[in-house]
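Report on one structure; see the data block that follows.
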There are 2 protein chains.
Amino acid sequence: MRISEAASASGLGIDTIRYYEKAGLLPPVERGRDGKRRFSAVDVDWLVLLSSLRDTGMRMETMRYFARLYQRGDETIPERKRILLGHSEQLDKQRGVLDRCAEILAHKLKRYDEIAAS
Amino acid sequence: MRISEAASASGLGIDTIRYYEKAGLLPPVERGRDGKRRFSAVDVDWLVLLSSLRDTGMRMETMRYFARLYQRGDETIPERKRILLGHSEQLDKQRGVLDRCAEILAHKLKRYDEIAAS
DNA sequence: CCTTGACCTGGAGTTGCTCCAGGACGGTAG
DNA sequence: CTACCGTCCTGGAGCAACTCCAGGTCAAGG
């Protein structure tokens, strides 16, 4: 799979993927003899995960740490589990943030309607 | 209210508040004769709103536009309403993103447990 | 009177992309 | 065979939104 396909499959941009590779967030991607990147199904799965973690606010440093653990094999699973569980908690906090914002917006919108009606 | 209090009341940092003022996201804040900023209750309410909008991903440019509308008075309410309704939709999209991430994480965690059990 | 703490300003530094210039390469059309 | 096109490559500049810092002011307390 070429980079443009990996991009649309993962939701990341082409530039972002190259940037992530350079930054150590994915293992060095294999190249064809033309020098172009070839993404395996495993690579793409990894990109999908990174994309999801990024979109929910995980920091690059954490993702890099997670990537290094992943490359060290199954012995690092407990630590990886810890990270993902921690991120699950982050998701819950973010739901709280969204809910509070929705409340504030609902309140504001109600006030707008009251002003319009008066 | 001094800037440190406005910061802890709104959840924004002191530097962020000053930055927002310079950037036109809040009307110029009144100063005491010592030159220090004095935040009114209205100012703080506004900061709380900005904080919530920022935390849910609204762009500064949009917030600035919203702030300008606000300063122009009640005639801009329909447009402000449009912006806040649009942001409500964003909140829904973000809930979707959180849910999808939670699913991926649950799946990964299950697989970790399977590997550990085998 | 001297120090402490909270504030001020302008500007540099950081994160995480995002875009761009300049160049190579493979496939198709003339 | 050659011209052109689309997709890729690299290194580096640019951008958003903070975040931190140096150097300075001022009021109040010991």
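Below, chain A is the first sequence line, B the second, and so on; all start at residue 1.
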| A:Tyr70 with A:Ile17, same ILVMFWY side-chain cluster at under 4.5 Å | yes
| said: Just the rounded figure in Å: distance from C1' of C:dC8 to CD of B:Glu21. | reply: 12 Å
| field | Residues that A:Glu103 engages under side-chain contact (heavy atoms from CB on, under 4.5 Å), provided they are two or more places apart | value | none
| query | In whole angstrom, what separates B:Arg38's CZ from C:dA6's P? | reply | 14 Å
| request: Mind listing the residues from residues 54-65 of chain B sitting with a heavy atom below 4.0 Å of DNA chain D? Number order is fine. | output: B:Arg54, B:Arg59, B:Met60
| Which residues pass the ring-ring contact (aromatic ring centres under 6.0 Å, His included) test with B:Phe66, sequence neighbours left out? | B:Trp46
| message | Per the salt bridge (charged side-chain N to carboxylate O under 4.0 Å, His left out) rule, what does the pair list look like for residues 41-61 of chain B, sequence neighbours excluded? | response | none
| By salt bridge (Lys or Arg N to Asp or Glu O under 4.0 Å), which residues pair with A:Glu30, not counting sequence neighbours? | none
| Taking only residues two or more places apart in sequence, or in another chain, which ones meet B:Asp99 in a side chain to side chain donor-acceptor pair (under 3.5 Å)? | A:Arg95
| query | B:Thr56 side chain to B:Ser52 main-chain N or O, any donor-acceptor pair under 3.5 Å? | reply | yes
| field | Short side-chain N/O contact to C:dC17 OP1/OP2 from A:Tyr20, under 4.0 Å | value | yes
| query | Are B:Thr16 and D:dA17 close enough that a side-chain N or O sits under 4.0 Å from OP1 or OP2? | reply | no
Could you write out each protein N or O paired with an N or O of nucleotides 2-4 of chain C at a distance under 3.5 Å?
none

| query | Among all residues two or more places apart in sequence or in another chain, which pass the side chain to side chain donor-acceptor pair (under 3.5 Å) test with B:Asp113? | reply | A:Lys81
| field | Sequence neighbours excluded, every pair satisfying ring-ring contact (aromatic ring centres under 6.0 Å, His included) that has a member inside residues 82-118 of chain B | value | none
| Have B:Thr76 and B:Arg72 got a donor and an acceptor in their side chains that come within less than 3.5 Å? | no
| said: Are there over 12 heavy-atom neighbours, none belonging to A:Arg38, within less than 6.0 Å of that residue's CZ? | reply: yes
| query | Base, backbone or nothing for each nucleotide of nucleotides 2-12 of chain D, written B, S, -, heavy atoms under 4.0 angstrom, 5' to 3'? | reply | -----BSSB--
| request: Mind calculating the distance between CG (A:Leu12) and C1' (C:dT18) to the nearest angstrom? | output: 13 Å
| field | Length of the CG-P vector between B:Leu26 and D:dC18, whole Å | value | 13 Å
| task | Determine yes or no for a side-chain-to-main-chain donor-acceptor pair under 3.5 angstrom, with A:Ser51 supplying the side chain and A:Ser10 the backbone. | result | yes
| task | Rounded off to whole Å, could you give me the CZ-to-C1' distance for the A:Arg33 and C:dG26 pair? | result | 14 Å
| query | How bent is the helix from C:dC1-D:dG30 to C:dG30-D:dC1, comparing axes over its five end pairs at each side, to the nearest 10°? | reply | 10°
| message | I need the full list of ring-ring contact (aromatic ring centres under 6.0 Å, His included) pairs touching residues 9-43 of chain B, with sequence neighbours left out, sorted by first then second residue. | response | none
